[in-house]
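Heads up: the structure comes next, in structure tokens.
Computation of the quantities below employed the complete heavy-atom set of this structure, encompassing side-chain atoms and omitting hydrogens, waters and symmetry-equivalent molecules. Each chain gets a letter, A, B and so on, in the order the sequences are listed, and its residues count up from 1.
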Number of protein chains: 2
Amino acid sequence: MTRIHAKSCFFPLPQVLSTTSIRSNNRDKHQIAIRAIPVRTGLYTNANYDDDDQLELHTDENGYLTMAKKTSAAMKRPTMYDVAKLAGVSQPTVSRVLNENDTAVAISEETRSRVLAAIEKLGYRPNVLARSLRTQRTQTIALMIADISNGFYHPIARAVQDVARQRDYEVLISNSDHLYENERHFCQVVSRRPVDGVIMVPIHLTEHEIEDYFGKTQTPVSMLGSHLHMEGVDVVYVDDERATYEATRWMITERGYRDFGFIGVADDLPPGPRRFHGFRRAIDEFGLSFDQRFYVEGDFKMEGGAAAARTLLQSGALPRALFVCNDLMAIGAILTLQEAGVQVPDQVAVMGFDDIPEARIIRPMLTTIAQDPRDIGLKLASALFERLESETPIPTRIFESERRLVIRDSA
Amino acid sequence: MTRIHAKSCFFPLPQVLSTTSIRSNNRDKHQIAIRAIPVRTGLYTNANYDDDDQLELHTDENGYLTMAKKTSAAMKRPTMYDVAKLAGVSQPTVSRVLNENDTAVAISEETRSRVLAAIEKLGYRPNVLARSLRTQRTQTIALMIADISNGFYHPIARAVQDVARQRDYEVLISNSDHLYENERHFCQVVSRRPVDGVIMVPIHLTEHEIEDYFGKTQTPVSMLGSHLHMEGVDVVYVDDERATYEATRWMITERGYRDFGFIGVADDLPPGPRRFHGFRRAIDEFGLSFDQRFYVEGDFKMEGGAAAARTLLQSGALPRALFVCNDLMAIGAILTLQEAGVQVPDQVAVMGFDDIPEARIIRPMLTTIAQDPRDIGLKLASALFERLESETPIPTRIFESERRLVIRDSA
DNA sequence: TGTGGCTATGCATACGAATACATGCATTCG
DNA sequence: CGAATGCATGTATTCGTATGCATAGCCACA
């Protein structure tokens with residue numbers, strides 16, 4: 001979309017031609033159309049013409065161009081300036097009407113109503129970009145979750161949105177799919193596109209990287225996960241080490257299982273090792289032995305759980321009880337075991353972690369450790385907004401969100 | 001955060017004091033601190049001072065203030081101007097180095113490398129707000145889905161993000177939860193915060209409203225749903241009327257069911273009535289009667305399906321086969337029926353619509369009509385980007401996405 | 001040696017809104 | 001009745017970037 005100033009289209013008066021416009025081989029029709037008409041030196045119209053504009057050309061009695069008006073202007077969004085013109089006031093006055101909180105500046109009732117009428121008539125909407133550029137605030141927070149397909153994160157997203165909307169903030173949701181590359185991409189995007197705050201579930205990101213991306217710009221951050229501790233970053237965590245410990249204990253003491261397997265995840269997915277540690281602690285405490293063959297890794301997804309179960313099946317032997325470090329994998333594992341004719345929980349008991357909606361769909365219903373994702377989301381968002389709204393620096397805070405064992409039928 | 005220009009803090013020379021600053025009862029320490037030092041008329045520093053800035057004040061031999069320097073400046077993000085200063089070039093030159101595509105403007109290798117080094121050293125990142133304000137493009141598209149908890153939408157979101165990332169666009173995801181209010185809110189947000197394009201799954205929005213929000217600004221839009229037809233708006237649809245028709249036919253001819261129930265949704269949720277229509281067409285075509293008692297409404301969610309099933313159970317009689325207009329409700333219904341001791345499919349057969357992942361978790365596995373949400377997402381995004389990138393207007397296009405009957409165990 | 005062209009860069013401005021500062025007028029106060 | 005004050009508004013500037021236009025230096029050509 002070439003833009004041409006009317007003045008640069010003038011032909012017979014070289015002094016108003018820029019070198020650029022002489023040299024350009026820009027030969028579009030409007031330039032030619034305007035060229036046919038002489039223009040007085042100094043005539044300058046503020047308008048820009050796009051390639052597909054229809055121009056209406058006015059000339060004076062001597063044949064000089066006096067006005068070139070767009071007849072087919074692609075309707076541009078009205079600005080405060082348009083509103084101001086229509087209301088017969090200045091642009092800042094419009095701004096003041098809109099931002100009543102402007103330090104005690106009064107606007108007369110009459111002006112206010114005229115401005116509001118003009119806004120209404122033009123359908124004016126403030127341009128958030130311009131406002132943000134000026135105020136250095138975007139009224140936007142960014143949320144990065146680890147897996148949009150995992151029902152665990154939905155209530156978190158909802159809760160964050162609820163809190164944000166209440167404060168008139170928008171939420172930019174992003175989904176990392178547990179991939180380091182996506183996490184980094186998120187940080188990059190967010191550090192270029194200023195947001196006022198960040199909530200995230202970092203899996204692979206290191207403290208150093210997070211500091212790198214957000215420390216410099218002082219962007220408030222709150223995160224889910226107990227593996228990171230950073231100055232000035234609020235953390236919400238669930239004590240999953242203890243949760244798996246207690247759940248494993250329960251399986252041992254209440255259900256009498258002694259022969260365990262574990263479906264975990266790679267070491268670079270922090271909650272996995274932590275949960276395994278709690279599991280292992282209980283096993284060791286009871287002096288049970290743990291057969292390394294029964295430790296298999298998945299990827300937090302249903303298919304990963306299914307693959308892990310296939311691995312176990314192929315190994316020939318099965319543990320009596322299987323602790324799976326999240327529900328999605330637990331479900332994948334159960335379905336695979338059942339397909340292979342293995343009875344759950346009679347032959348293999350399965351314990352999950354999260355309590356996502358699907359845990360109540362599968363038969364047998366999944367015994368699992370329930371987290372409270374809505375609570376997590378609310379805590380994350382509240383902490384962030386406290387930071388956003390606080391005048392004074394707030395010391396790092398750590399919030400624990402509760403979890404509890406939900407006993408159903410699978411273990 | 002009060003900002004004070006150094007010049008307005010001058011005390012002994014009234015002529016440089018603004019009326020505002022004389023009158024204001026702003027008595028913060030920095031104003032006072034600077035006031036103690038005389039300033040020559042005309043001295044003006046470009047810097048703004050925040051309340052918590054530490055100032056380093058320099059005076060000349062006569063005791064006049066010559067310089068006020070921030071010592072504790074909260075590190076601001078560097079701008080092109082900072083880069084330019086460091087590299088010893090002008091700001092536009094930096095801009096040109098960054099945007100190599102700038103119409104054939106050449107930059108010498110030496111300058112380029114100096115600029116790049118400065119960028120590296122300062123950790124400069126372009127400010128997307130400023131860029132967008134200038135270019136009128138945001139490199140962002142907005143996506144509104146109807147229910148983040150419904151697995152049907154996840155592949156759509158992923159596909160849209162995949163396409164967008166490939167073109168270096170960001171995606172703003174929003175979730176309407178099927179609520180009209182949220183849909184309108186989305187439109188308002190998006191029409192204030194300019195995005196380059198919009199993809200949405202409008203449920204309640206009317207063509208008139210959509211035209212109102214996006215028509216004026218010429219924002220390219222593509223939508224999922226066959227109930228809307230708008231000039232210049234691409235639509236992807238699944239022929240769900242026909243899909244339910246065929247599936248119902250199949251239940252009649254292949255399974256021999258004659259006595260049907262239907263769990264639908266309120267008339268203002270368009271896909272519902274459409275699906276009911278296809279269902280009804282098959283029923284009528286085979287001359288079967290349809291007992292109105294067996295038509296119950298839900299809300300597209302699992303709990304809605306459960307509630308609908310409870311209504312049916314309470315009514316005393318049950319149909320032999322139940323067509324549920326989406327999987328989430330179908331699953332809710334099956335679980336409720338099973339809880340009540342009803343055998344699925346032996347007493348009541350259940351057919352769903354969508355084929356979400358949960359359809360394979362529930363037992364019996366859900367017989368359903370599979371849509372291809374990834375395909376839908378790809379089509380939506382491709383259509384949008386074609387429009388975004390096209391120089392010339394593109395006529396309205398309508399894409400059909402395939403669906404197919406997936407026969408499992410529930411019907 | 002002047003003219004024109006090219007290369008590499010600088011200068012000025014615009015995007016839309018918020019805000020520091022200025023001002024005209026009416027009011028108040030001594 | 002003049003000076004200070006407050007109200008309602010206008011003017012100028014700013015945010016960070018992209019870009020239209022200008023220009024300095026060089027080279028080629030006549």
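The side chain of B:Ser95 contributes an N or O atom lying less than 4.0 Å from OP1 or OP2 of D:dA18. The phosphate of D:dT17 (OP1 or OP2) has no side-chain N or O of B:Asn127 nearer than 4.0 angstrom. Contact between the side-chain N/O atoms of B:Thr93 and the OP1/OP2 oxygens of C:dG10 is found at a separation under 4.0 Å. Listed pair A:Arg131 / C:dA18 meets the phosphate criterion, a side-chain N or O lying under 4.0 Å from OP1 or OP2. Using a 4.0 Å cut-off, no side-chain N or O of B:Arg134 falls inside it from OP1 or OP2 of C:dA14. OP1 or OP2 of C:dT9 lies within a sub-4.0 Å distance of a side-chain N or O belonging to B:Thr111. Contact between the side-chain N/O atoms of B:Ser108 and the OP1/OP2 oxygens of C:dT9 is found at a separation under 4.0 Å.
B:Tyr169 and B:Arg137 are linked by a side-chain donor-acceptor pair at a separation below 3.5 angstrom, with hydrogens and angles left out of the test.
The 5' end of DNA chain D is approached more closely, in terms of each residue's nearest nucleotide, by A:Glu110 than by the other of B:Thr79 and A:Glu110.
Contact check of residues 80-92 of chain B against DNA chain C (heavy atom, cut-off under 4.0 Å) returns B:Val89, B:Ser90, B:Pro92.
At least one donor-acceptor pair closer than 3.5 Å links the side chain of A:Ser132 to the backbone N or O of A:Val128.
For D:dG10, its base sits under 3.5 Å from the side chain of A:Arg96 at one donor and acceptor pair at least.
Of the candidates C:dA17, C:dC15, D:dT9, C:dC15 carries the atom nearest the B:Gln136 side chain, counting heavy atoms from C-beta on.
The CD1 atom of A:Ile107 sits 10 Å away from the C1' atom of D:dC7 (whole-angstrom rounding). Put simply, CD on A:Glu109 is 10 Å from P on D:dA8, counting in whole angstrom units.
For CD of B:Glu389, the number of neighbouring non-hydrogen atoms (other residues, nucleotides, ligands) closer than 6.0 Å is greater than 12.
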